[in-house]
Amino acid sequence: MPIFAVHYTYTDATAVDRANHRPEHRAWLNALVDTAVLPAGPEAVAERDHAGASGTATVLSSGPYPDGTGALLLFRAENATALTDLLGHDPFAEKNLIEAVRVVEWLPVMGAFA
């Protein structure tokens, strides 16, 4: 499954709201850590629907840029379209706290993700 680098761009205008909603945003991301295949079953479907996920997606790593201009999120996902749809359910996205999103397939050739 391909790896994607997702770049979020933030502005100073949303800094206070991002701080207020950061716990919800991080909980949403954390639910996708080590989730290689999203589970099935009634309870899992309800949880998956709440997360807005379809198919498979895994957060490999994520974190903000120290200067506050954005964040880098690394995902393993089926394809860019599915990942982009999933990202629309990020609480930051739902609250319009992200100025721009760039999703790029990434091909690591060495190191931890190769």
Side-chain angles (χ1 to χ4, degrees):
M1 200 172 337
I3 294 176
F4 293 88
V6 176
H7 301 270
Y8 279 180
T9 302
Y10 302 141
T11 64
D12 290 339
T14 61
V16 171
D17 286 336
R18 279 185 283 112
N20 290 336
H21 296 287
R22 185 166 289 118
E24 183 182 358
H25 162 73
R26 288 189 175 167
W28 180 82
L29 286 170
N30 194 49
L32 296 172
V33 172
D34 297 328
T35 306
V37 178
L38 297 173
E43 291 177 4
V45 168
E47 184 175 326
R48 183 173 65 231
D49 288 347
H50 174 71
S54 62
T56 61
T58 303
V59 171
L60 300 175
S61 188
S62 72
Y65 300 131
D67 65 1
T69 61
L72 173 65
L73 303 88
L74 297 178
F75 280 86
R76 190 174 301 275
E78 291 179 8
N79 56 60
T81 301
L83 179 55
T84 299
D85 290 346
L86 174 68
L87 293 171
H89 296 280
D90 181 334
F92 276 8
E94 292 179 336
K95 292 170 178 48
N96 296 314
L97 302 177
I98 305 167
E99 181 69 20
V101 178
R102 181 173 181 232
V103 177
V104 182
E105 188 171 345
W106 180 51
L107 184 60
V109 295
M110 62 184 76
F113 299 111

Least distance between heavy atoms, G88 atom then A93 atom: O-CB, 3.9 Å
Contact check, side chains of L87 and V103, non-hydrogen atoms, under 4.5 Å: yes
Student check: side-chain heavy atoms of H25 and Y8 closer than 4.5 Å: yes
Reported CE-to-CG distance for the pair M1 and N79, which is rounded to 0.5 angstrom: 10.0 Å
Crowding at CG, D67 (>12 non-hydrogen neighbours, <6.0 Å): yes
NZ or CZ of R18 within 45° of Y10 ring axis and under 6.0 Å: yes
Over 12 non-hydrogen atoms of neighbours within 6.0 angstrom of CZ in R22: yes
Side-chain heavy atoms of L86 within contact of F75, under 4.5 Å: yes
Point-to-point distance, once rounded to the nearest 0.5 Å, from OG1 of T84 to CZ of R102: 12.5 Å
Spacing of CZ belonging to F4 relative to CD belonging to E78, to within rounding of 0.5 Å: 10.0 Å
Inter-residue atom distance N96.CG - I98.CD1, 0.5 Å rounding: 9.0 Å
CD on E94 to CD on E24, rounded to 0.5 Å: 7.5 Å
Heavy-atom check, side chain of L74 versus side chain of F113, under 4.5 Å: yes
Within-4.5 Å side-chain heavy-atom neighbours: V6 and L72: no
Beyond-backbone contact of N20 with V16, side-chain heavy atoms, under 4.5 angstrom: yes
CG on D90 to CG on L73, rounded to 0.5 Å: 7.5 Å
Any side-chain heavy-atom pair of L60 and I3 under 4.5 Å: yes
Non-hydrogen side-chain atoms of W28 and V59 separated by less than 4.5 Å: no
Candidate pair D17 and F92, rule side-chain contact (heavy atoms from CB on, under 4.5 Å), full reasoning: CA-CA 9 Å; D17 286 336; F92 276 8; over 6 Å; no
